[in-house]
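Right, one structure below, let's go through it.
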Amino acid sequence: MKIFLDTASLKEIREAADLGVLDGVTTNPTLLAKENGDPEQSLLEICRIVEGPVSAEVVATDAEGMAREGRHWAALHPNIVVKCPCTAEGLKATRVLSREGHRVNMTLIFSPTQALLSAKAGASFVSPFVGRLDDISTPGMELVADIVNIFGNYRYDCEVLAASLRHPMHVVEAARLGAHIGTMPLSVLNAMLKHPLTDIGLKRFLDDWEKAKKELAVKTTH
Ligand code: G3P
């Protein structure tokens with residue numbers, strides 16, 4: 001499973017990249033708006049830090065405008081993936097952009113039919129929003145399962161990017177279901193690594209080692 005970070009924070013991206021397990025980054029207008037500075041420069045810097053797809057979302061709502069913005073994002077760096085919202089206009093823009101050779105991540109996916117249409121339009125990634133479905137008492141992970149299942153029946157060259165993951169169990173479930181990618185905040189990535197028994201075990205190893213060294217020193221001086 002590929003691990004993407006869902007942020008536009010350079011600090012957080014550097015921290016995750018240093019772990020050596022970061023495969024890509026997803027941004028959206030909300031995440032870019034939280035950061036200072038020029039979004040284009042931020043995206044370029046993200047592409048320098050991470051060797052993998054970096055999603056940049058369009059904000060136009062008509063197909064022509066989306067395609068125009070998408071071309072602009074894509075021209076910034078070969079790793080940029082154009083993010084389009086899953087609307088009729090987004091579908092048209094996806095068809096145009098994918099025919100031109102640009103990769104599209106169809107975002108705001110909340111149903112299997114939206115994912116199916118996105119793949120047919122040539123999207124390279126679909127982003128089902130798990131947490132936001134959970135928020136409205138609808139099991140978000142069932143959507144991931146449906147999409148993985150449907151895509152498995154055909155030969156769509158489209159990856160399932162489980163998005164809006166809020167905690168490590170979302171990542172575990174997405175991985176169990178065979179989602180190709182999980183995108184998450186840094187807090188979730190860090191929580192995936194943490195285990196109290198690891199900390200306790202390491203402390204015990206180090207304490208025992210120090211004790212043994214002291215005992216050896218006492219023996220060799222007598
Ligand atoms: O990747 C989509 C993500 O940014 C949405 O996450 O937690 O705002 O639903 P959330």
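By convention here, the first residue in the shown sequence is residue 1. First listed ligand is number 1; within each ligand, the first listed atom is number 1.
- Considering backbone and side-chain atoms together, Asn28 places an N or O closer than 3.5 Å to an N or O of ligand 1.
- The protein atom (non-hydrogen) at minimum distance from atom 8 (O) of ligand 1 is Arg132 NH2, 2.9 Å.
- Atom numbering of ligand 1 starts at 1 in the shown order; those under 4.0 Å from a heavy atom of Phe129 are 2 (C), 5 (C).
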ask   = Between Glu45 and Arg14, is a salt bridge (Lys or Arg N to Asp or Glu O under 4.0 Å) present by the stated rule, with each step listed?
value = CA-CA 10 Å; Glu45 188 55 28; Arg14 282 196 190 97; 3.3 Å; yes

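- For the residue pair Glu35/Ser42, the side-chain donor-acceptor check at 3.5 Å is not satisfied.
- In terms of polar-atom proximity, Lys83 is not counted as a contact of ligand 1, lacking any N or O under 3.5 Å from an N or O of the ligand.
- Backbone and side-chain nitrogen or oxygen atoms of Arg166 are examined, and one is located within less than 3.5 angstrom of a nitrogen or oxygen of ligand 1.
- No salt bridge links Lys92 with Asp62; every basic N to acidic carboxylate O contact stays at or beyond 4.0 Å.
- The closest donor-acceptor contact from the side chain of Ser127 to the backbone of Ala163 lies at 3.5 Å or more, if one exists at all.
- Under the 30°/60° scheme for interplanar angles, the aromatic rings of Tyr154 and Tyr156 are found to be tilted.
- Residue, atom and distance of the protein heavy atom nearest to atom 1 (O) of ligand 1 are Asp6 OD2, 3.0 Å.
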